[in-house]
Amino acid sequence: MRIQVEHLSWGVPGKTIVNGVDLVVGDGETVGLIGPNGSGKSSLLRCIAGLRTPTGGVVRYDGADIASWSAREKARQLAFVEQTADTDSDLRVSEVVMLGRTAHRSRWRGPDAADHEVVAAALDRLGLTALADRPWKQLSGGERQRTHLARALAQRTSALLLDEPTNHLDVRHQLELMELASSTPQTVVVALHDLALAARYCDRLVLMHGGTVVADGPAADVLTAPLLRAVFDVEAEIGRDSLGHLAVGYREPVR
Amino acid sequence: MSHPARLGLALVAAALAAGCAAPGGAQAPSAQTVAVDSCGKRLTFAGTPQRAVALDQNSTETMLALGLQDRMVGTANLKTKVAPEYAAAYAKVPVLSPKVLTSEPLRAANPDVVVSSFREHFTPDRAGTRDELESLGVPTFVSAVNCPDGTTPPFERLFRDYENLGKIFGATDRADRLAAEQRAAVKEVEATKREPVEVVWIYSVFKGVPYVAGRDGMPSQMSKIAGAVNVFDDLGQEWPEASWEEIARRDPDVIVIGDLSERGNPGDKASEKLAMMREHPVVSQLTALRENKVIELPGIEMDPSVRTVNALRSFGAGLDKIAGRG
Amino acid sequence: MAESALLDPVALEAPPPRRRGRNALVVTVSLVVLVVSLVVAVRIGVGATWAEIGRAAGARLGLPVVPLPRLLDSLIWNLRLPRVLLAALVGAALAVCGAALQSVTRNSLADPYLLGVSSGASTGAVVVVVLGFAGSQLGVTGGALAGALAAFGLLMLLLRRTGLDSMRIVLTGVVVGQLFAALTSLILLSSGDADSIRALTHWLLGSLASARWTSVVVCAVVLAAGLLVVWLCSSALDGFAFGADTASSLGIDVRTTRAVLLVTTSVLTAVAVAAVGAVGFVGLIVPHGVRFLVGPLHRRLLPLSAVVGAVFLVWTDALTRVVFAPLEVPVGVFTALLGVPLFLLVLRRRGEL
């Protein structure tokens with residue numbers, strides 16, 4: 001599914017947070033949103049997910065304006081995983097993943113065998129099968145994040161929007177998750193802080209600063225010392241690690 | 001019709017009703033049908049009621065004063081002790097509830113008439129509504145005192161209760177005698193010429209706040225009968241809440257204090273109230289208090305009941321004593 | 001396209017039958033307990049032996065039994081039976097509202113009175129009593145219903161342009177509740193006398209003594225409709241667990257669903273409070289207890305809360321009829337007395353205390 005963001009703006013009274021963003025994500029592409037805190041990544045992602053009504057511009061999925069979709073239709077087309085979504089509820093892992101089937105069944109009936117199949121597949125995909133019956137409160141931060149991702153997969157959407165999904169994960173799970181994001185045929189937009197991880201797994205990077213897109217292209221074109229200096233205010237050196245992956249090193253901040 | 005003749009008829013009626021209590025024997029002669037207006041409802045009785053329930057102390061005492069204890073299958077909601085003269089009769093009546101009687105025990109007692117001093121008893125969560133009971137064939141008698149018609153004075157309404165209950169229960173003789181006695185007592189107090197003194201009636205003190213007699217209760221009426229003036233006649237309630245300062249401002253000539261010692265809560269005794277007033281910085285300066293122009297009366301007799309006339313007598317006597325001394 | 005990636009050829013089985021079996025057992029047991037409770041509770045109290053109940057029922061079913069005396073028959077048929085049924089209906093309504101509102105506001109302390117509806121009901125009831133219409137069959141009930149709906153109207157008016165987010169609902173509910181509580185005090189202070197206050201004490205604490213068939217029918221209709229609406233929102237209520245954004249991304253129209261639930265729970269609460277007064281604790285503890293039994297999914301939680309709430313209030317009310325007989329203690333006093341230890345027990349078992 002092709003996502004088109006045209007001249008998108010959004011803000012709160014007195015402050016524009018996303019300012020005239022244009023962005024195209026091709027079918028099956030994995031695009032990384034990078035940028036410092038407050039650059040508007042999360043807000044842009046929420047607008048793309050249809051959770052915020054833009055103050056200007058449109059978001060199109062395969063040409064269709066997302067504003068014309070019902071909540072249910074949106075949830076069948078795209079799945080969104082928040083940075084932190086916690087609960088006091090005693091839901092079990094499988095029950096949380098089953099929430100992903102909400103938009104796929106009528107109000108009148110409970111989950112059927114097909115729903116259970118999809119949930120089991122999603123649990124398996126994230127390595128959560130053994131934890132299926134575990135209550136939310138007993139999960140680690142990483143397990144919670146993976147549960148949310150499994151829930152998003154259970155939505156069976158063509159697009160996947162992830163807001164800093166690797167935050168609570170250990171290295172192995174970070175790699176697994178990004179591997180999943182890049183290998184899935186779904187169109188993926190993922191906001192990330194780890195530039196090396198973004199460079200390694202994303203087909204393209206979009207660098208945001210002050211609510212606008214300042215660079216958009218392959219990792220090697222976006223992660224350049226001058227751009228990182230301008231946007232992140234850091235002195236960085238871009239190189240390759242021993243495995244040939246792009247690596248970013250930083251010097252001490254100069255005051 | 002002479003009194004003995006009426007009594008005779010009543011006895012016949014009672015005998016008939018008792019004899020016909022078994023199912024199928026409800027053909028009481030139509031001449032015996034009694035109809036009475038009570039607080040907005042017309043009550044009709046084909047026979048003399050044999051199973052009355054009285055919902056409160058005042059209606060119970062009125063029934064006992066008319067000697068109707070054998071026709072009662074229940075009483076409830078006693079605020080204080082029954083007057084000593086009715087104690088023996090009262091002992092024969094089953095107490096259905098020490099407090100407010102609710103509809104379930106009331107119906108379980110299977111009454112054929114319900115007698116009450118207050119309309120407020122007849123709500124769905126208490127005794128049930130009057131309409132409900134009426135539809136079940138149970139007439140509800142409510143004291144006329146509770147239904148002012150704007151013309152009849154309260155004491156006269158009290159006496160009408162006796163007469164109406166007398167008619168209903170076939171005890172007209174005794175009822176008429178009681179009404180006549182009490183009418184005479186009222187006349188007697190009324191006949192004495194007195195200075196128009198100003199009186200405050202203090203019923204109770206709850207959490208330091210005095211409750212005084214307003215325009216709608218018996219004390220206002222008693223004041224008028226005895227030629228005095230109730231200083232809180234401008235308040236349109238039975239026992240409105242007042243403040244000590246307001247009492248002091250109105251500076252009454254005489255203070256009447258209700259003694260509720262039988263109720264037994266702290267501060268219920270008249271002496272306790274008096275002591276409290278004497279310690280109060282403002283109230284203690286009242287002329288009435290300094291000159292000891294204080295009348296103590298049983299609080300229960302200040303409410304409309306068969307005993308209210310006692311309070312009226314004592315009040316008149318108290319005023320005379322104060323005047324004589326002054 | 002997305003499908004292919006996820007359709008791994010892994011053999012997948014439906015969830016273990018253990019839990020489903022347990023749910024079926026819980027449902028069966030609770031329904032049996034409900035029916036038995038209703039029947040037994042009719043027997044509890046003054047003057048209704050099994051034989052008499054049998055005759056009252058038999059006469060209505062056209063069986064050849066000796067009819068009861070009129071007053072005793074009316075005691076069983078027009079007082080006791082509607083009272084027991086009303087207790088069940090109100091208990092169910094409060095428990096369902098509590099469960100729904102705990103999810104909508106994401107606040108485990110939420111109960112049906114959080115929205116200020118009960119304060120509105122008190123104001124309405126006080127107005128009726130002070131004006132002196134309390135004697136009529138529908139007096140206090142009608143006034144309370146009007147007051148509850150007024151409070152609810154104000155609540156929705158204050159919330160109308162907002163996103164109905166959890167915290168705003170709670171705060172607005174508190175504000176509305178406080179306003180009506182102040183109005184109640186004002187009316188009582190300015191024109192209530194000791195008698196009218198006493199007349200209201202029972203009602204304010206919750207009492208089923210005024211139960212009649214009228215309120216049973218009204219409550220039954222409203223509860224049936226309300227329960228269905230809330231139950232159809234089950235998956236939305238589950239989805240609210242992780243907040244508005246996640247709920248929305250699950251395909252839940254958050255604002256509309258919240259509005260529907262607020263309206264439904266307010267109407268349910270208004271009718272329940274108007275019928276019997278503000279019976280406390282049922283709406284708070286029953287959902288917690290039931291979650292402890294069957295987990296937090298609302299498809300199971302809501303119907304079972306309804307059943308458990310019904311049973312709980314039926315028994316508590318039966319207690320009020322016998323413990324201090326012939327005096328009746330307001331049922332709200334007993335729900336609190338029983339509710340507090342039960343609540344502590346549930347919290348402790350859940351490891352939250």
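Throughout, protein chains are lettered first and strands after them, A, B, ... in sequence-line order, and every chain is numbered starting at 1.
Look at A/Glu95 and C/Arg299 and you find no salt bridge, because none of the NZ, NE, NH1 or NH2 atoms lies under 4.0 Å from a carboxylate O.
At a heavy-atom cut-off of under 4.5 Å, chain A is reached by C/Asp238, C/Gly239, C/Ala241, C/Phe242, C/Asp245, C/Thr246, C/Ser248, C/Ser249, C/Leu250, C/Gly251, C/Ile252 from residues 238-252 of chain C, listed in order of number. Listed by sequence position, A/Arg46, A/Leu51, A/Arg52 are the residues of residues 46-58 of chain A in contact with chain C, using a 4.5 angstrom heavy-atom cutoff.
Proximity to chain C is absent for every atom of A/Trp69, based on heavy atoms less than 4.5 angstrom apart. In this structure, the portion of A/His148 lying under 4.5 Å from any heavy atom of chain C is its side chain and not its backbone.
Across A/Ala103, A/Ala79, A/Gly110, A/Ala152, the residue that shares the most heavy-atom pairs under 4.5 angstrom with chain C is A/Gly110. For the set A/Glu73, A/Arg76, A/Arg151, A/Lys74, the entry with the most heavy-atom pairs within less than 4.5 Å of chain C is A/Arg151.
Residue C/Arg106 holds its CZ atom at 8.0 Å from CG of A/Asp86, rounded to the nearest 0.5 Å. Atom NE2 in C/His298 sits 7.5 Å away from atom OG in A/Ser89 (nearest 0.5 Å). To the nearest 0.5 Å, the span separating CG on A/Asp88 from CG on C/Asn107 amounts to 9.0 Å.
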*Should C/Ser234 and A/Arg107 be marked as a side chain to side chain contact (heavy atoms under 4.5 Å, CB included) after you check the CA-CA gap, both sets of side-chain angles, and the distance that decides it?*
CA-CA 8 Å; C/Ser234 290; A/Arg107 292 173 170 279; over 6 Å; no

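No more than 12 heavy-atom neighbours from other residues, nucleotides or ligands sit within 6.0 angstrom of CZ on A/Arg172.
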